[in-house]
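Below: the structure, in structure tokens.
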Amino acid sequence: MIGTLTIDRIWDGSVDFRFDEDVRFLAMIANLMGQTVRLHEVIARDRERLMTEQSRLAKELSATRATDREPRQQGILGESEAIRSVLDKSRLWRAPTRPFFCA
């Protein structure tokens, strides 16, 4: 990005100005503006990358759920290995050949 930065002063002729201080001040302002522009560019790139990744993960999740062969357990949240292990163990206890009665 190329641009100009100026400063205007009203000069009444009685005060001497040090132009080197003005130039240093303008250089500091220009550097701050450049850093701000670069920061906005980095944020825009990161936002785009995150949105692309979110879209990819959503597609991957919907594809995984579509190919999931096991019926979902009602009221059970989660897909971790630990939860699958507990559900597998509970299926053994619910085998239809072994009725369970409480007295």
Side-chain angles (χ1 to χ4, degrees):
M1 178 179 287
I2 298 175
T4 58
L5 184 62
T6 64
I7 188 169
D8 296 323
R9 290 189 181 198
I10 298 175
W11 186 56
D12 61 1
S14 63
V15 179
D16 289 334
F17 294 107
R18 298 202 43 167
F19 290 110
D20 58 335
E21 290 178 5
D22 290 345
V23 169
R24 196 173 92 221
F25 175 72
L26 289 174
M28 289 178 1
I29 297 299
N31 285 330
L32 289 173
M33 291 173 66
Q35 289 174 4
T36 301
V37 168
R38 281 190 297 276
L39 181 62
H40 280 280
E41 290 171 349
V42 167
I43 289 171
R45 268 196 314 266
D46 283 351
R47 183 176 187 271
E48 183 65 32
R49 181 184 56 80
L50 290 172
M51 289 176 64
T52 302
E53 185 177 358
Q54 180 186 16
S55 176
R56 181 188 62 79
L57 290 173
K59 287 178 184 176
E60 185 179 320
L61 181 62
S62 66
T64 301
R65 286 186 177 165
T67 59
D68 193 5
R69 294 183 193 99
E70 295 180 27
R72 288 201 165 290
Q73 297 291 324
Q74 224 171 16
I76 302 292
L77 299 178
E79 300 276 334
S80 70
E81 288 298 320
I83 290 199
R84 287 186 184 269
S85 173
V86 169
L87 291 175
D88 288 342
K89 289 176 184 174
S90 71
R91 285 187 193 104
L92 294 175
W93 286 99
R94 290 185 291 140
T97 57
R98 292 179 46 195
F100 181 71
F101 297 102
C102 291

#### Entry: Side-chain heavy-atom pair M28, L32 within 4.5 angstrom cut-off
no

### Partner residues of N31 under the side chain to side chain donor-acceptor pair (under 3.5 Å) criterion, sequence neighbours left out
none

### Query
By side chain to side chain donor-acceptor pair (under 3.5 Å), which residues pair with Q54, not counting sequence neighbours?
none

### Candidate pair E53 and R49, rule salt bridge (Lys or Arg N to Asp or Glu O under 4.0 Å), full reasoning
CA-CA 6 Å; E53 185 177 358; R49 181 184 56 80; 3.8 Å; yes

### Task
Check whether any side-chain N or O of S55 sits under 3.5 Å from a backbone N or O of M51 as a donor-acceptor pair, and report yes or no.
no

### S85 side chain to E81 backbone, donor-acceptor under 3.5 Å
no

### Query
Which residues, ordered by chain and number, are linked to I43 in its hydrophobic cluster, where ILVMFWY side chains connect at heavy-atom gaps below 4.5 Å, directly or through other members?
L39

### Query
How long is the span from the OG1 atom in T52 to the CZ atom in R47, to the nearest 0.5 Å?
10.5 Å

### Task
Say whether I29 and V23 are linked into one hydrophobic cluster, either directly or through other cluster members, by side-chain heavy-atom distances under 4.5 angstrom.
no

